[in-house]
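First the structure, in the form of structure tokens, and then the observations on it.
Proteins come first, then strands; the chains are lettered A, B, ... in the order of their sequence lines, and each starts at number 1. Note that the structure is a prediction, hence the values are computed from the model and not measured. These numbers come from the heavy atoms of this one structure, side chains and all, not from hydrogens, waters or symmetry mates.
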Protein chains: 2
Amino acid sequence: MADDLDLVFKALADPGRRLLLDRLHAESGQTLGQLCALMEMTRQAVTKHLKLLEEANLVAVVWKGREKLHYLNPVPIHEIAERWIGKFEKGRLEALAELKRKLEEKADG
Amino acid sequence: MADDLDLVFKALADPGRRLLLDRLHAESGQTLGQLCALMEMTRQAVTKHLKLLEEANLVAVVWKGREKLHYLNPVPIHEIAERWIGKFEKGRLEALAELKRKLEEKADG
DNA sequence: ACATTATGCAACCAAATGGTTGCCTGTCAA
DNA sequence: TTGACAGGCAACCATTTGGTTGCATAATGT
């Protein structure tokens, strides 16, 4: 059960990795060293997080000499929004209304 | 770092839990027993998954006699879409264009 | 040429995760 | 009133996760 969608969800499940995506969104093309400066952990730990992001296709890497430049790939996040979240956004207000109704029924007895 | 957003992302990181949300989206008010029927694991394991979904506020529970009824709460998913994914959707095409450009530069040398 | 910089790779570790089994409790129906 | 049904709780287990340290290697600047 490690399909593409699952890799993306798992990659997004860590606050450190979400921070990395935030930083790459703010400024693309950052080196590993630059990204490490923001993360309170060793370079090797950051590398592991970036590896998961790459495997989920959320980040693409371009080597330039001895430097590893990182770029955000917006496609997987878009697909999650479209294919998965969109499904729940449809009928959202109805679901919310039913939830409220059921919670009130409980209160009534 | 276990704020609300993080709880939701972590809850969504498991395919079994996403399936539970799918099923509750399709038919709300299901009992634990009904939900267990779909999951190839013990009732106790399903209970643990549902607990995480409840803690993330993705699922609300109403007891009816000896049965535990589960309802989808669409609010957290909506907030993730608005507050987090929306940020990346903005400027999505620009990011994609830059990514392509950088990948081509690499190919050129 | 050589020291420094940027990074990779592997072994190791603690804690969290995802599952199990076994047993207990409360509710319903015959 | 008693048995079956719906579910809770706790202990336990294997694997994964998220981090570390130590060492190796390739590119760069002086």
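- Of the residues in residues 23-30 of chain A, none lies under 4.0 Å from DNA chain C by heavy-atom distance.
- Mapped onto DNA chain D by nearest heavy atom, Asp14(A) and Lys64(A) fall at different nucleotides, with Asp14(A) at the one closer to the 5' end.
- The salt bridge (Lys or Arg N to Asp or Glu O under 4.0 Å) with Glu54(A) is formed by just one residue from the set Lys68(A), Arg17(A), Lys48(A); it is Lys68(A).
- Dashed line: the shortest gap from a side-chain N or O of Lys68(A) to OP1 or OP2 of dG8(C) is under 4.0 Å.
- Residue His49(B) contributes atom NE2, which lies 15 Å from atom P of dG8(D) at whole-angstrom precision.
- Here dA26(D) presents its C1' atom at 13 Å from CD of Glu67(A), a figure rounded to the nearest Å.
- With rounding to whole Å, Lys51(B) atom NZ is found 13 Å from dA16(C) atom P.
- Taking atom CG of residue Leu50(B) and atom P of nucleotide dG19(C), one finds them 12 Å apart after rounding to whole Å.
- Rounded to whole Å, the distance from NZ on Lys10(B) to C1' on dA15(C) is 13 Å.
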Test salt bridge (charged side-chain N to carboxylate O under 4.0 Å, His left out) applied to Lys10(A) and Asp14(B), step by step: CA-CA 7 Å; Lys10(A) 284 193 158 51; Asp14(B) 183 272; 5.0 Å; no
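- Residue-to-nucleotide contacts include a donor-acceptor pair under 3.5 Å from the side chain of Arg66(A) to the base of dA27(D).
- Once rounded to the nearest 0.5 Å, the distance linking SG of Cys36(B) with CE of Met41(B) reads 9.0 Å.
- Around atom NZ of Lys100(A), no more than 12 heavy atoms belonging to other residues, nucleotides or ligands sit under 6.0 Å away.
- If you measure from atom CZ of Arg43(B) to atom P of dA10(D), you get 14 Å, rounded to the nearest angstrom.
- Between Trp84(B) and Phe9(B), the two ring planes are perpendicular [angle over 60°; tilted spans 30° to 60°].
- Atom CD of Gln44(A) and atom P of dC9(C) are 12 Å apart (whole Å).
- In this structure a side-chain-to-backbone donor-acceptor pair under 3.5 Å is missing from Asn73(B) to Ala60(B).
- With distances taken from any side-chain atom of Lys48(B) to the nucleotides dT28(D), dG19(C), dA6(D), the minimum falls on dG19(C).
- Across the protein-nucleic acid pair, Arg17(A) atom CZ and dG19(D) atom P stand 8 Å apart, rounded to whole Å.
- In the model, Glu67(A) has no side-chain atom that pairs as donor or acceptor with a side-chain atom of Thr31(A) under 3.5 Å.
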